[in-house]
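What follows is a single structure, written as structure tokens, with notes after it.
Note on naming: letters A, B, ... go to the chains in the order of the sequence lines (proteins, then strands), and numbering restarts at 1 for each one. It should be emphasised that the depicted structure is a prediction, and the values quoted were computed from it without experimental measurement.
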Protein chains: 2
Amino acid sequence: MGEYGQFCPVAKAAEVLDERWTLLVVRELVAGSTRFNDIHRGVPRMSRTLLTKRLRTLVDQGLITRREERQGPVYELTTAGNELAAVVDVIGQWGIRWLSSLSDEDLDPALLMWDMHRRVDLGALPPGRTVLAVVLDHAAPQLRNWWLVLDQHEADVCDYDPGFGTDLTMQASTGTLVRIWRGELGWDDAVRTSRLELRGPSELRRQVRTWFQLSPFATVSRPEARDAG
Amino acid sequence: MGEYGQFCPVAKAAEVLDERWTLLVVRELVAGSTRFNDIHRGVPRMSRTLLTKRLRTLVDQGLITRREERQGPVYELTTAGNELAAVVDVIGQWGIRWLSSLSDEDLDPALLMWDMHRRVDLGALPPGRTVLAVVLDHAAPQLRNWWLVLDQHEADVCDYDPGFGTDLTMQASTGTLVRIWRGELGWDDAVRTSRLELRGPSELRRQVRTWFQLSPFATVSRPEARDAG
DNA sequence: CAGGATCCGATTAGATACTG
DNA sequence: CAGTATCTAATCGGATCCTG
């Protein structure tokens, strides 16, 4: 795409980073995804064709490598690409401070579940397997019900009942969970006001909040409420 | 333009920042430009129509304000916009570390002179007015000769002889000056190898290197030279 | 100096269908 | 699972001309 014709390092970096979707693909790689389909789950609105193209560009630019494994291609950040973690971090910090108004379009249930499953603190789980059902109020029928299958080794997310039974059910609107996720609404506050409902053994109801680490940006300090000028 | 449909703060920030040219316009504002023409001198390849459009978008997004003054409109960063300085900084640091290969297109003489004039350390200048002529080897005729008119209060850049006489002349290729500017080539090294030639009183020849602060990214540490994997 | 209005060509990305 | 190929609709941005 476009070059800026400037020797400024900001301009040279922008040539690489400001192409549409690129920063989000990098974010997925920074978050640890290495397989095509995993990366795509983090950018589901991107066509697979376009993702292919962006990945190739990133390889050409030396930000990632592509390796053929038995299970298929594996994408990994190079040293240069890895240092973009700092860029993603600062941009996210700015974003959470100043861009808090979300449209309904932004409240993507599948994305929320994908994010949650990836931030599970495996060490905080009870022994054995735990199945957490999540019900998202008002979501479209096929996006309403989710199951997180958690054990000490991995966290899986399903959009169908995996058939192990349910240990705990969590019910809320997608917006409520997103606000909790982003650190804009306290867990206790949400429970107290019944915006977040938990059903199951009281011990699990108490513990569940420790199973998730929330968004990496949840703890970023927010600006004082006053005009932006 | 495009929305990503994600609640992730990185995605929300990218919606604002990854539109073409936007980051460079922000960079100009962070660097201190407030007038339309000054901003445009920092992004000369951007059409004025497009710059107008981007500025309006930035106002709508609450990153800058536009104020009508007697001399004309003045653009200024809001608190939110001002915090983008950190984003510009991190991106520039990454850029100078990993994107050192510049095309001829990137070596824009006018941009270099504009950058230099803006990073003059007024306090380091000799008393009174100093005129520094700059000759850029191999540049197109109308981009070869420049004059920096420096005094304790301001630094001006002209592409014509302002008629005050010349105290010191600096001659080099644009590429050499850019590499010095970016911190990739030492001043002494350039002088010793005659890539940078100075003509004028020996005292000024010795002092001139202190008049410029170089690029804000000149002092960023560079990666060790080895493969990027 | 700081734009507004238009037109038009180039680029882009989504949708769709197909492949090993 | 991980793409490729193709077509089309939409968008974007440069050029040009005009304004107060």
**Complete:** Applying salt bridge (charged side-chain N to carboxylate O under 4.0 Å, His left out) to B:Asp106 and not counting sequence neighbours gives A:Lys12
Quick one: [X] [atom1] to [N] [atom2], roughly how many Å, whole number?
| X | N | atom1 | atom2 | value |
| --- | --- | --- | --- | --- |
| B:Leu55 | C:dA2 | CG | P | 11 Å |
| B:Arg67 | C:dA2 | CZ | P | 13 Å |
| B:Leu51 | C:dA5 | CG | C1' | 17 Å |
| A:His40 | D:dA2 | NE2 | P | 12 Å |
| B:Leu58 | C:dG3 | CG | C1' | 16 Å |
| B:Arg70 | C:dC1 | CZ | P | 18 Å |
| B:Leu24 | D:dG13 | CG | P | 12 Å |
| B:Glu69 | C:dC1 | CD | C1' | 14 Å |

So which protein nitrogen or oxygen atoms get under 3.5 Å of nucleotides 18-20 of chain D's nitrogens or oxygens?
none

**Estimated bend of the helix from C:dC1-D:dG20 to C:dG20-D:dC1 (axis per five terminal pairs, rounded to 10 degrees)** = 50°
Is a side-chain N or O of [X] found less than 3.5 angstrom from the main chain of [Y], in a donor-acceptor match?
| X | Y | answer |
| --- | --- | --- |
| A:Thr22 | A:Asp18 | no |
| A:Arg119 | A:Leu214 | yes |
| B:Arg45 | A:Gln6 | no |
| A:Asp151 | A:Gly128 | no |

**Complete:** Protein heavy-atom contacts under 4.0 Å, written 5' to 3' over nucleotides 13-20 of chain C as B (base), S (sugar-phosphate only) or - (none), form the string SS-B----
Please list, chain by chain and in numerical order, all residues satisfying side-chain contact (heavy atoms from CB on, under 4.5 Å) with [X], sequence neighbours excluded.
| X | result |
| --- | --- |
| B:Glu76 | B:Thr34, B:Thr65, B:Arg67, B:Val74 |
| B:Gln61 | B:Val16, B:Thr57, B:Leu58, B:Leu63 |
| A:Asp121 | A:Ala124, A:Gln213 |

Holding to side-chain hydrogen bond (donor to acceptor under 3.5 Å, both in side chains), I want the full list of residues that pass it with [X], two or more places apart in sequence or in another chain.
| X | result |
| --- | --- |
| B:Asp161 | none |
| B:Gln93 | B:Asp89 |
| B:Arg66 | B:Glu68, B:Tyr75 |

**Message:** At less than 4.0 Å, is any side-chain N or O atom of B:Tyr75 found next to OP1 or OP2 of C:dC1? Yes or no.
**Reply:** no
**Asked** Hey, which of these two, B:Arg41 or B:Arg56, hits DNA chain C nearer its 5' end, going by closest nucleotide?
**Response** B:Arg41
**Message:** The side chain of B:Pro73 is closest to which nucleotide in this list: C:dG4, C:dA2, D:dG3?
**Reply:** C:dA2
**Asked** Is a salt bridge present between A:Glu28 and A:Arg35, judged by a nitrogen-to-oxygen distance below 4.0 Å?
**Response** no
**Asked** Are A:Phe212 and A:Trp181 an aromatic pair by the rule of ring centers under 6.0 Å?
**Response** no
**Prompt:** Partners of B:Trp211 by ring-ring contact (aromatic ring centres under 6.0 Å, His included), sequence neighbours excluded?
**Reply:** none
**Request:** Specify the residues of residues 28-37 of chain B, ordered by number, for which at least one heavy atom lies under 4.0 angstrom from an atom of DNA chain C.
**Result:** B:Arg35, B:Phe36, B:Asn37
